[in-house]
Amino acid sequence: QLQFVESGGGLAQPGGSLKLSCAPSLYASDYYAIGWFRQAPGKEREAVACISSGGSFATYEDSVKGRFTISKDNAKNTVYLQMNSLKPEDVGVYFCASTTQPYNGRDCPLHPRPYDHWGQGTQVTVSS
């Protein structure tokens with residue numbers, strides 16, 4: 001049973017923007033953090049950004065710092081990924097996932113391993 005539903009993917013030109021949404025399904029459970037991940041063809045799934053359950057603390061992978069912003073609307077329990085200045089290397093299927101495992105410190109984990117509930121993904125294509 002999918003825990004989240006992603007939306008907002010599509011085609012953007014280099015330098016363009018997209019905003020992804022991650023909404024909980026009926027089966028979503030409590031979590032410590034939500035992360036956004038991407039997987040390009042032939043590559044391993046990698047973390048992009050994550051945010052604490054309360055939405056106060058965000059962590060970013062180096063290649064997206066200054067371009068992507070993760071945020072959370074607590075009223076809707078929805079997490080967003082605003083992607084600006086898109087590059088061809090940002091192409092991939094973007095997934096959101098939650099972790100039910102507590103972590104140390106303020107920074108949520110930027111690795112897929114601790115995340116145990118996933119969405120189905122949304123395709124992002126960057127091309128002129």
Side-chain angles (χ1 to χ4, degrees):
Q1 294 168 336
L2 293 176
Q3 297 273 321
F4 300 97
V5 178
E6 302 96 333
S7 61
L11 173 65
Q13 292 186 340
S17 299
L18 287 172
K19 186 173 184 178
L20 307 183
S21 298
C22 171
S25 73
L26 293 176
Y27 308 104
S29 56
D30 293 339
Y31 52 83
Y32 286 90
I34 284 187
W36 279 102
F37 304 82
R38 66 187 177 193
Q39 188 165 18
K43 294 188 177 181
E44 293 187 355
R45 191 170 299 184
E46 62 176 359
V48 174
C50 61
I51 193 165
S52 60
S53 59
S56 298
F57 302 108
T59 308
Y60 297 90
E61 193 269 330
D62 287 345
S63 69
V64 306
K65 284 181 181 177
R67 300 190 298 123
F68 291 11
T69 302
I70 189 170
S71 62
K72 184 172 184 278
D73 183 330
N74 287 323
K76 296 180 180 180
N77 201 20
T78 297
V79 174
Y80 303 96
L81 185 68
Q82 176 68 48
M83 305 187 295
N84 299 328
S85 302
L86 283 164
K87 302 177 180 180
E89 52 263 41
D90 294 320
V91 166
V93 179
Y94 281 67
F95 302 87
C96 68
S98 66
T99 177
T100 57
Q101 302 176 38
Y103 52 91
N104 293 324
R106 195 179 73 174
D107 295 332
C108 43
L110 272 182
H111 190 282
R113 191 182 305 121
Y115 293 83
D116 41 20
H117 295 103
W118 293 80
Q120 85 287 352
T122 185
Q123 176 71 46
V124 170
T125 302
V126 182
S127 175
S128 55

Novice: Sequence neighbours excluded and cut-off under 3.5 Å, please list the side-chain donor-acceptor pairs for residues 33-41, or say none.
Specialist:
residue, atom, partner, partner atom, Å
R38, NE, E46, OE2, 2.7
R38, NH1, D90, OD1, 2.8
R38, NH1, Y94, OH, 3.0
R38, NH2, E46, OE2, 3.3
R38, NH2, S63, OG, 3.4
Q39, OE1, R45, NE, 3.3
Q39, OE1, R45, NH2, 3.3
Q39, NE2, K43, O, 3.1

Novice: So which heavy atom on Y31 is nearest to which on S98, and how close?
Specialist: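 Nearest heavy atoms, Y31 then S98: CB-CB, 3.6 Å.
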
Novice: Determine the minimum heavy-atom distance between G121 and E6, stating which atoms define it.
Specialist: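 Closest heavy-atom pair between G121 and E6: N-OE1, 2.9 Å.
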
Novice: Given side chains that start at C-beta, do those of I70 and Q82 come closer than 4.5 Å, heavy atoms only?
Specialist: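 Counting from C-beta outward, I70 and Q82 never come under 4.5 Å.
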
Novice: Is there a donor-acceptor pair closer than 3.5 Å between any side-chain N or O of D116 and the backbone N or O of T100?
Specialist: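 Side chain of D116 to backbone of T100: a pair is present.
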
Novice: Nearest 0.5 Å please: distance from the CD atom of Q120 over to the SG atom of C96.
Specialist: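 Q120 CD to C96 SG: 8.0 Å, rounded to 0.5 Å.
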
Novice: If you count heavy atoms of other groups shown closer than 6.0 angstrom to CD of E44, is the number above 12?
Specialist: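 Open.
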
Novice: Enter the distance from L18:CG to T122:OG1 here, rounded to the nearest 0.5 Å.
Specialist: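 Rounded to the nearest 0.5 Å, the CG-OG1 separation comes to 9.0 Å.
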
Novice: Using the rule that two of Ile, Leu, Val, Met, Phe, Trp, Tyr join whenever any of their side-chain heavy atoms come within less than 4.5 Å, decide whether Y115 and Y80 are in one cluster.
Specialist: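 Unlinked, Y115 and Y80 end up in two clusters.
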
Novice: Can you name the nearest heavy-atom pair linking T78 to P24, along with the distance?
Specialist: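 Closest approach of T78 to P24: OG1-CD, 4.2 Å.
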
Novice: Same cluster or not: M83 versus V64, using hydrophobic residues (I, L, V, M, F, W, Y) connected whenever any side-chain heavy atoms lie under 4.5 Å apart?
Specialist: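 As far as the 4.5 Å side-chain criterion goes, V64 and M83 are connected within one cluster.
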
Novice: Share the residues that join L110 in a hydrophobic cluster, the rule being Ile, Leu, Val, Met, Phe, Trp or Tyr side chains under 4.5 Å apart at the heavy-atom level.
Specialist: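 ILVMFWY cluster around L110 holds nothing else.
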
Novice: Okay, side chain of S52, backbone of F57: is any donor-acceptor separation there less than 3.5 Å?
Specialist: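 Confirmed, S52 side chain pairs with F57 backbone.
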
Novice: May I ask you to decide if S53's main-chain N or O and K72's side chain share a donor-acceptor pair within less than 3.5 Å?
Specialist: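 Side chain of K72 to backbone of S53, a donor-acceptor pair under 3.5 Å: yes, one is there.
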
Novice: Which heavy atom of L86 sits nearest a heavy atom of A12, and at what distance?
Specialist: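 Residues L86 and A12, closest heavy atoms: CD1-CB, 3.7 Å.
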
Novice: In this structure, which one of F95, F68, Y60 forms a side-chain contact (heavy atoms from CB on, under 4.5 Å) with V48?
Specialist: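 Single pass found, and it is F68.
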
Novice: Apart from Y103 itself, what residues make up its hydrophobic cluster, given side-chain heavy atom links below 4.5 Å?
Specialist: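 Y32, all in the cluster of Y103.
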
